[in-house]
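Quick note: numbers below take in every heavy atom, side chains included, and nothing from hydrogens, waters or symmetry partners. In listed order, ligands and their atoms are each counted from 1. One-based numbering along the sequence shown.
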Amino acid sequence: MHRPELLVAGNWKMNGLGADLVQIEAIKAGLGSACPVDVWIFPPATLIRPAAASAAGSPLKIGAQDCHTQHAGAYTGDLSAAMLKDAGASAVILGHSERRGGHCETSRIVRMKAAAALREGLGVIVCVGETKGERDAGLTAAVCKRQLGESLPDDSAPNNTIVAYEPVWAIGSGISPDPADITSMHKTLRSQLAAREPVNNGLDWRILYGGSAVPSNAEAIFGSPEVDGVLVGGASLNASSFLAIIAAATQSAARRKQ
Ligand code: PGA
């Protein structure tokens, strides 16, 4: 059955100065002219334009980490999807737990931002995930399903929206769930997505895993057939660790085609 390509996405968060564009150059050099998996870097907004210029002509795509709900206007300090696209972004991460938590972003706001991004023709990666307390209380599936249901706009579809399952307790902690737990949550999310778009049993939707994905656990994570890619934070800041994760994805993609 046809499945979308694996995606390795790097979220630089609030890291990266002009000098760090050398990492983009090194990733580009490591990828060469063709890559069997999709690779995106989401640098801080200040680096989108030069990163996109640097990535031009390579398989590497550049994205943004957030956008506003509106196209333009009196919103001091904010950036619209149109501006990010104009700077060279082709996708935007929305609903990351650092924005849900640190900026009080509700799923309703995430949904409005996603709708704005889709209107501009940007792809979206919508993140969902439970806190440690919610997990301990047995609420993982309920929390993630509710976030997913409330965060996706009506016109989200497999060709414009990617979902990232990111347990909050796994982000930046060095701890990640068992691959079996990742598989189980991805199955839950996929059946919810399949109900929206009942084609191919939901397998057209890409569901990424994120949270302490590093070279040493990448093979195990990609070993889950439910995983369509990874959203990588810390390990994406350095080209060699990011390329090691891309190498694991490439091997997994080859195995899946056998
Ligand atoms: P991490 O971050 O890989 O550093 O845990 C992942 C994320 O926040 O997307």
Ionic contact status for [Y] with [X], cut-off 4.0 Å:
X	Y	answer
Lys13	Glu98	yes
Asp86	Arg49	yes
Arg3	Asp204	no

Margin query: Given a heavy-atom cut-off of 4.0 Å, could you list the residues near ligand 1 in chain and number order?
Written below: Asn11, Lys13, His96, Glu166, Ala170, Ile171, Gly172, Gly211, Ser212, Leu231, Val232, Gly233, Gly234
Checklist line | Thr183 and Glu226: side chain donor to acceptor below 3.5 Å | finding: no
Next item on the list: Determine whether Leu208 and Trp40 fall in the same hydrophobic cluster, where Ile, Leu, Val, Met, Phe, Trp and Tyr are linked whenever their side-chain heavy atoms lie under 4.5 Å apart.
Entry: yes
Note to self: With salt bridge (Lys or Arg N to Asp or Glu O under 4.0 Å) as the rule and sequence neighbours excluded, what pairs involving residues 100-109 come up?
What the structure shows: Arg99-Glu105, Glu105-Lys113
